[in-house]
Enquirer: 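Quick one: the structure is below, questions incoming.
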Amino acid sequence: MIHKTLTIWTASILAASVLAACAQDDIANDSAMVPPPGTEAADPAVTDGALTDTMAMDQSAVGSDQGAEALALVMAVDEHDIAAAEQARDKDVDGEVREFADMLHTEHTQNLETTRQLMQNTGGAVGDSAEASADPAVRGDVAGPQAGAMADVGNMPEVQAQRQKGEMVLRDLGAMEGDEYEQAYIDAMVQGHTDALAMLDERLQGVDDEQIRQHLTMTRDAIASHLERGQELQGKTQ
């Protein structure tokens, strides 16, 4: 009788142990299925929204970058035409050529100031031929993706190339005098304004900012008018 009782008691203990082990396995499995705090699976809708926002910011930066570069190129053109007009004055050109040089000096100076102000308002930083100012208040820096995209555009290769081309033209003109200089100056202005029109037509296609587009369009109209006048003088001086 005692032996039978011990056997039943032993069997009960073994059964309890098995049940306890099974319960522990269930708990472990349940824990494995629940991610630790802070590691929940991302909501696809949230992930897609974040990706869309990032793409939009990238596109905005690209658009801002193109607008800033276009403005910087316009400033380089303005600076060159101002310098060329001053050189023509120093060479004592007269008559209609002097009037043409004076007109270019006045109108490109005005456009340069307007372009510089627009550049600052939209967050860009372009110096004349020197490096852009280190003062954020002067540069007109803005926060957000545009700040990095539009900063220091004066060092972009296309802008540097435009300035270097202008410097070469001035050096070549500087070696001339008298009638030879007058003819070469008019020829240089016609070619320069022709190139500027082509540049603006190309850049306008990639600029989304309405304020920048409007300014570039007005600049293009002025340059087209200068080109027309230069071609008239070119026919008279040849």
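Residues: numbered from 1 along the sequence shown.
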Enquirer: Any ion pair linking Asp195 and Lys165 (charged N to carboxylate O, less than 4.0 Å)?
Expert: yes
Enquirer: Tell me whether Arg203 contacts the main-chain N or O of Ala70 through its side chain, where contact means a donor paired with an acceptor under 3.5 Å.
Expert: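 Such a contact is absent between Arg203 side chain and Ala70 backbone.
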Enquirer: Strictly by modelled atom types, are Gln87 and Tyr185 linked by a side-chain donor-acceptor pair under 3.5 Å?
Expert: no
Enquirer: Any salt bridge linking Arg213 with Asp209? Criterion: basic side-chain nitrogen under 4.0 Å from a carboxylate oxygen.
Expert: no
Enquirer: Minimum heavy-atom separation for Val169 to Ala188, with atom names?
Expert: CG1-CB, 3.9 Å
Enquirer: Between His108 and Leu104 (side chain of the first, backbone of the second, donor and acceptor by atom type, cut-off under 3.5 Å), is there such a pair?
Expert: no
Enquirer: With sequence neighbours left out, write down each residue that passes side-chain hydrogen bond (donor to acceptor under 3.5 Å, both in side chains) with Arg229, or none if nothing qualifies.
Expert: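 Scan of Arg229 (side-chain hydrogen bond (donor to acceptor under 3.5 Å, both in side chains), adjacent residues dropped) gives Glu96, Glu232.
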Enquirer: Examine distances only and state if a side-chain atom of Glu69 and a backbone atom of Met156 form a donor-acceptor pair shorter than 3.5 Å.
Expert: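 Not confirmed, Glu69 side chain does not pair with Met156 backbone.
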Enquirer: Report yes or no: does Lys91 contribute a side-chain atom to a donor-acceptor pair with the main-chain N or O of Met176 at less than 3.5 Å?
Expert: yes
Enquirer: With no hydrogens and no angle check, just 3.5 Å: does a side-chain donor-acceptor pair link Gln183 and Asp187?
Expert: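 Present: a donor and an acceptor within the cut-off.
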Enquirer: Is it the case that the side chain of Tyr181 and the backbone of Leu173 share a donor-acceptor pair, with hydrogens and angles ignored and the cut-off at 3.5 Å?
Expert: no
Enquirer: Suppose we screen for ring-ring contact (aromatic ring centres under 6.0 Å, His included). Which residues come up paired with His105, at least two apart in sequence or across chains?
Expert: none
Enquirer: At their closest point, which heavy atom of Val77 faces which heavy atom of Ala196, and how far apart are they?
Expert: CG1-CB, 4.3 Å
Enquirer: May I ask you to decide whether Arg116 forms a salt bridge with Glu113, counting only side-chain N to carboxylate O separations under 4.0 Å?
Expert: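 Between Glu113 and Arg116 there is a salt bridge, with a charged N closer than 4.0 Å to a carboxylate O.
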Enquirer: Can you confirm whether Gln160 is buried at CD, in the sense that more than 12 heavy atoms of other residues, nucleotides or ligands lie under 6.0 Å from that atom?
Expert: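 Check passes, neighbour count above 12.
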Enquirer: Whether the Asn111 and Glu107 side chains hold a donor-acceptor pair (N or O, under 3.5 Å, no angle test) is what I'd like checked.
Expert: no
Enquirer: Would you check if there is a donor-acceptor pair between the side chains of Thr114 and His215 at a distance under 3.5 Å?
Expert: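 Checked: His215/Thr114 side chains show no N/O donor-acceptor pair below 3.5 Å.
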Enquirer: Around atom CG of Asp179, are there more than 12 heavy atoms of other residues, nucleotides or ligands at under 6.0 Å?
Expert: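 Incorrect, the count does not exceed 12.
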